[in-house]
Amino acid sequence: MLGGQLISVLRREIVEEGDEKGVNSMGIRFVLLVNKQGQTRLAQYYAEHLTLDERRALEGEIVRKCLARTEQQCSFVEHRNYKIVYRRYASLFFLVGVDNDENELAILEFIHLFVETMDRHFGNVCELDIMFHLEKAHFMLEEMVMNGCIVETSKSNILAPIQLMEKAS
Amino acid sequence: MYRPERRSEAPNSKPSAFSAASMAATAAITTTSSPSLVDTLFQRSLDDVIRALRSSPSSASEETVISRALDEIRREIRSPDLDTKSVSLQKLTYLASLHHLDLSWAAFHALELLPSPSLPHARIGYLAASLSFHPSSTELLPLATHQLRKHFAPSPANPPALAASALHLLALASSPDLGRHLASDLLPLLSSQSAASSSLRAKAVATALRTLAVCPDVAPVLFKPLVDCLSSSDPRTVSAAVGAFCELALAAPDPFPYLPLAPEFYRLLVDSRNNWVLIKVLKIFARLAPLEPRLASRILDPICQLLRRSHAKSLVFECIRTILSSLTDHEEAVRLAVDKVKEFLSSDDDPNLRYLGLRALSMLGSAHPWVVEESKEAVIKSLSDPDTNIRIESLHLIVGMLCESNVVEICNLLNKYAMKSDPEFANEIIGAMLVTCGKNLYELILDFDWYVALLGEMVRNPHCAKGEEIERQLVDIGLRVRDARPELVRVARDLLIDPALLGNPFLFRVLSASAWVSGEYVEFSRNPVELVEALLQPRINLLPSLIRAVYIQSVFKVMSFCFISFIEQIQAVELLSVGGSTQRSEKNGEQSDTVPLKTTESNVSEGDHGDTTADTVLLLDLIDKKTNFTRESISDLMNLIETAVAPLSECEEVEVQERARNVLGLLFTLRETQFWNIEAAHELKSDKELSEIIELLEAAFSEELGPVSANAQKRVSVPEGLNLNANLSDLSKILTDYDLTPSASISFSLQSYNPQETKEDSVLAVEPSSLLAEHRKRHGLYYLSTHRDGDELNDYPRANEPLLPVDHGDATEDLVKLTTPSLVPRKSKPTKPRPVVIRLDEGDGTSTSHLTTVKKSDNLLSEAIRGVLLENESQPSLSGKLDTSSKRRENDASDNSELISQQTESVTLEHGNSSSRKSRQHRTHKERNESHFKNEDIEKSSRHSIKSSRQHRRHKHRQRGDVTADIVPQTPAIQDFLL
C-alpha cells in the first residue's frame, strides 16, 4: 500500500524533473532510424542539443537496449529520463524518443504513418532508399513533425511539397 | 581518377545532374580560379560518396573514405559556384548526420546557401542548418535573422516548402534574440485564412510554441493568435494548436492560467473525431481537472463515452490514463477504466498492451487497492513474462501493495522467485524488496527476526549484487533495533562461516557488515570460538584489505569478550560455591569493588540481596550460558588467534597490519598475566594488573554505538568561554609536556612491548570514558538511552529457519502460491508488539518520501501568459515594446493588486491556502519530532517560523497579484462553461 505511494512519488518526481527543464518539454525528443547492424540511417533531434560525443553515446546505448529485444517483448523502453518507442520494419528499426507522459500507442501509429508515407513515395521502401534519399526522408519528417509536435498526419499532404519539388527540377 | 562517365550510371541522381548542368556556366564565369573549376568539373556527387562508403569492406577503409571525402568537401565548399557548394554541403550533411562528424565549421556555408533563388539549394542549406545549428553552439545564428524573415513573408517568390524549412530551422535553433526579432513575422502565417497556407499555419503554430518557450517576452504577441487557432476551421491548424497548448499546459508548473480555455477544449473533446486531437485534449484535461472539481464532473461523461466507443487503442489508453491519474474520485469511471485495463492485461498476443495495462494500474497508486487485488492473477503472471520491462512493472506493482500484514508472505515468495530468475531480474527483485522494506526506517516490518533472516537469504542468491544496501541495512538494524540483535548475530555467523560467499565480490560488503555485527554484539553469540574460526579462515585473504581489517577488529572484540566472560565465570562459580549467608557481606563488598562486567553481572549482584535460591538459579543460568570457557578453551582460542593473525602483522596493508598488531598486543598482555593460576575471585582482585586490564577492556567496548543524527553536531551548544576560533598555536607548547618522541609511536612492535606502558595507557584510556560518562550525565538529552532489557529477547520467537529449502520445482508453482495471499492490506492484530526502532529527528535516514518539495515559483512563461489573459482587450503593439513589456506587465499586475476589493482578497486567501497549510503542517511536524530538544529548538523553530512566514508572505503577495490577474477574465469564462 505504501509502496503505491512511493510509485506515485516517483511519478511526481519524474514530472518535476520535466518541470525543471520546464519550457523545453515537448512531445517527441528525437527520431532515429537504425539498421540491424546498429548503424544510424537517419537522426533528427528536436530542441535537445547534444554534442557529438553525447549523441554517439546516446545512440549506442539505445541501440544496445532496443536491438537486443525480441518480438515477444513490448515496444517501449525507458532510457535515462525519457521513453523510447520503437518498431522494427524488416532490417530497419525506427526509434522515437518521447517524454514520459507521451502516449506510446500514438507514437507507434506515428512511426507506422512515417513508414507508410515513405513506402508510398519510394514504392516498397528499403534501407537503401533512405540512404540514397536521406534528404527526402528528412523533408517528410519535417512535414510531419515540427518542434517535436506532430503537425501533419495525411500522407498526401506530407508528400505534396516533395512531389512539387520533383516536378520543378 | 573520377571519371565523369560514372555519373551517367546514375542519371536520376539529382546532384550530379546539377553539377553537370552548371559546368558550362561556371567555366564561363570563373575561369580565373582554376582549382575550383577542377573541383566543379570532377566533383563527386553524394551518391558517389555513398557508394564508395558501401563498397568499403571494413570500418578502417570506411574511415579513409570518409576522410578523403572530407578533404574534398573542405576544398569544394569554398567554391563561389553555388552548385558545387550545395553538393559538397549535401555530402557533408550526410556524413555528419550518419557518421557523427562535426558540422559546425560549415555553418557559414550553410548560411550562404539560404538566399539562393534555387529552391533545392536553399533547402540543402536549411537542412544542414537545422541539423547542426543551436543557440548554444552557433555564433552565426543572428546572421540568419534577415533571411528567415524574408522567407516568412507571404509572397509568390516564397514557395511553401521554403517557408516550411525556415520555420523548421527557427523551431530547432531558436535563441531568445532570434525569437524576439522574428515573433511578429510569424503573425501573418498564424492568422492567414487561405486554404493553401493551412499546412504552413500548423507549422507556424508549432514554431510559435518554441519561440514562446525560449523567449517568454513574446507571449503578448503570439498568445492571442495561438488561442484563435483553436477555433480555426482548418483541422490541421486546430490539431497543431491543441498540441501546442498540451505542451504548454504540461510544462507549466502551475496550469492554472490555462483554465479559462477549458470551454474551447471541452468543445473539441465533444466534437472532434480526430484521435490525435482527442489525445492531446485529454492530456490537457488531465492537468486541469484537479484544479476545478466542477470541470472534472463535466468532462467525465464525454470521456467515458469515448472509452466505451473508441476502437483506437491509443485513445482508449489515454482515456484510462486520464481517469486513473486525475479523476480517481469518480468511482464509476474508475470502474470502467479498470475493466478496460483488464482487457489490456489479458491480451496475450500484444506485449505492448500488457505493459501499458500494468502501467495504468501503477498510476492509480494506493488510493484504490481493490484494483490491483482484482487483477492480481494477471499481475503475478506477468512476473514470468518474457519481457523484462513487463516483469519490472509487475514487480513494482506487487511491491507497491506490500503492507504490514502481507509483507512476510510476499517477500518470502518473491525471494524464492528471485532464486530462479535471471541475474538481472533477481537483482531487481532484491533491490525492490530492500527499498520497500527499508523505507521510513523499516515501517512495514513488524518481525525483525524474520527480516534479518530474509536479508541473510537474499545474500544466498548467487546473482545477488546488492551487497552495499544489504550491508547498510544489517548495520543499521543492529544499531537501531535492539531486539533484533540476537537474530542478527545468528544470521551474521551463518554468512561468515559460508565459504561460498567469499567468491562473490558483490557480497564482500555484506561480509564486512556481518563481521562487524558479530564483533559488536558478540555477547549474543552462541559459540564465540567458532566465530573466531570463521573470521580467521584462510580464505579471507580473498577479501579487500579494508574488510579484512574489520574482520580482525572483530576478532579483537571477540577475544576480549571471551576473556572477560571467563573471568566472570570464575567469579560466578565462587559466588555459587560460597553461597551461605555468612559470607554474604564479604562477598558484597567484593562485588562492589570489582567492576560490574556486563549488565547481566550487575543484575546478579543486585539479585544477591534477595532470595538465595533465586540467586543460585541466576548464577547457574549464567554459568550455563558460558560453560564453553574453560582455561583450555581460552588457551586454544589464543593459540588459534596467534597462528592466524601473526602472519598478518607483517601484512603490507597498513590497516590490516595495525589491527593485527593490536590483537597480538592484547594477546601477549593477557598471556603475561597470571590468570591461568587464578582459582578464585579474591585472587583476581589481588592481581592488580589483571583487574586493570579487565577494567580497560570493559571501558573499551562497553559504550554502545548508536545511530547519530545528521544534525546532532549542530545541537551541541558551545560551552561558555570556549572560543572555537581561537588560535591553536600554543597547542604545541602543551604537547611538548607529554614528550611525544617519535620513537614511542613507532615502537609499536611486539618485541619492545612493555606491559608497564599499558598500565599507564590504561589510566589515560579510562579517563576519556569517564569524561564521556560525565558528559553523558550533563547532556543526557543527546544520548540514546543505554537501558537495555536483554531478558525480553528470549520470548521473541525466531521466524524462520536460517536457510529456507529452495525447491527447484516449476516456477509457475511458486507463482500460484503467490496468488493466494491477498495483496490488499488486511486488518489483523499483530501477535506481538513491534520492537522499538530508534528514530532520531526528521533528518535521520528517512527516505523523505513524505517531504513535499516546495513548488518552484512559476516560470516566466506562465506569468507572461497570465498577463496576456489579463489584457485581453488592450493588445500591445507588436514590435519595439517587446523588451519592456514584461516589466510593464508586472507593474500592471501590482497596480491591480492594490485595487482589489475584499471579495477578491478572500478568494486569494483560499487559493493561497494550500501552501500555508503545508507550511504549517511542516512546522508542527518538526516540533513534534524535536520535542526532546526543546531548549535549543526554541531559537531554531522561531527562526524557522520567521523564515517560513516571510516566505509565505512573499508567496502570498505574488499570488495576490497573479490571482487578481486571473480572476478578471476568468470568472465569466468558467461560469459560462459550467452552467
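Chain letters run A, B, ... following the sequence lines, proteins first, then strands; residues in each count from 1. It should be emphasised that the depicted structure is a prediction, and the values quoted were computed from it without experimental measurement.
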> Between A:F30 and A:Y82, how do the two ring planes meet: parallel, tilted or perpendicular, split at 30° and 60°?
Replying inline: perpendicular

> Any chance the side chains of B:S104 and B:D102 put a donor and an acceptor closer than 3.5 Å?
Replying inline: yes

> Distance only, no hydrogens: is a donor on one side chain within 3.5 Å (strictly under) of an acceptor on the other, for B:N352 and A:S75?
Replying inline: yes

Side chain, backbone, both or neither: which part of [X] has a non-hydrogen atom closer than 4.5 Å to chain A?
| X | result |
| --- | --- |
| B:T93 | neither |
| B:L282 | neither |
| B:S132 | backbone |
| B:L127 | side chain |
| B:L353 | side chain |
| B:S165 | both |
| B:A286 | neither |
| B:Y355 | side chain |

> Among A:E71, A:H133, A:Q39, A:R69, which has the most heavy-atom pairs under 4.5 Å with chain B?
Replying inline: A:R69

> When heavy-atom pairs shorter than 4.5 Å are enumerated against chain B, which of A:N103, A:I150, A:N157, A:T40 gives the highest number?
Replying inline: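 Option with the greatest count: A:N103.
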
Portion of [X] that has a non-hydrogen atom of chain B nearer than 4.5 angstrom:
| X | value |
| --- | --- |
| A:T153 | side chain |
| A:L32 | neither |
| A:V77 | both |
| A:I162 | neither |
| A:E59 | side chain |
| A:Q72 | both |
| A:R41 | both |

> Would you say B:V205 and A:V151 make side-chain contact, with heavy atoms under 4.5 Å?
Replying inline: no

> Just checking, A:R55 and A:Y45: is the charged tip under 6.0 Å from the six-membered ring centre and within 45° of the axis?
Replying inline: no

> How would you list, by chain and number, every residue that makes a side chain to side chain donor-acceptor pair (under 3.5 Å) with A:E116, sequence neighbours excluded?
Replying inline: A:H112, A:K155

> With respect to chain A, which residue among B:R123, B:K203, B:E404 yields the maximal number of heavy-atom pairs within a distance under 4.5 Å?
Replying inline: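 It is B:R123.
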
>> Heavy-atom pairs under 4.5 Å with chain A - which of B:L356, B:I390, B:I279 has more of them than the others?
In response: B:L356

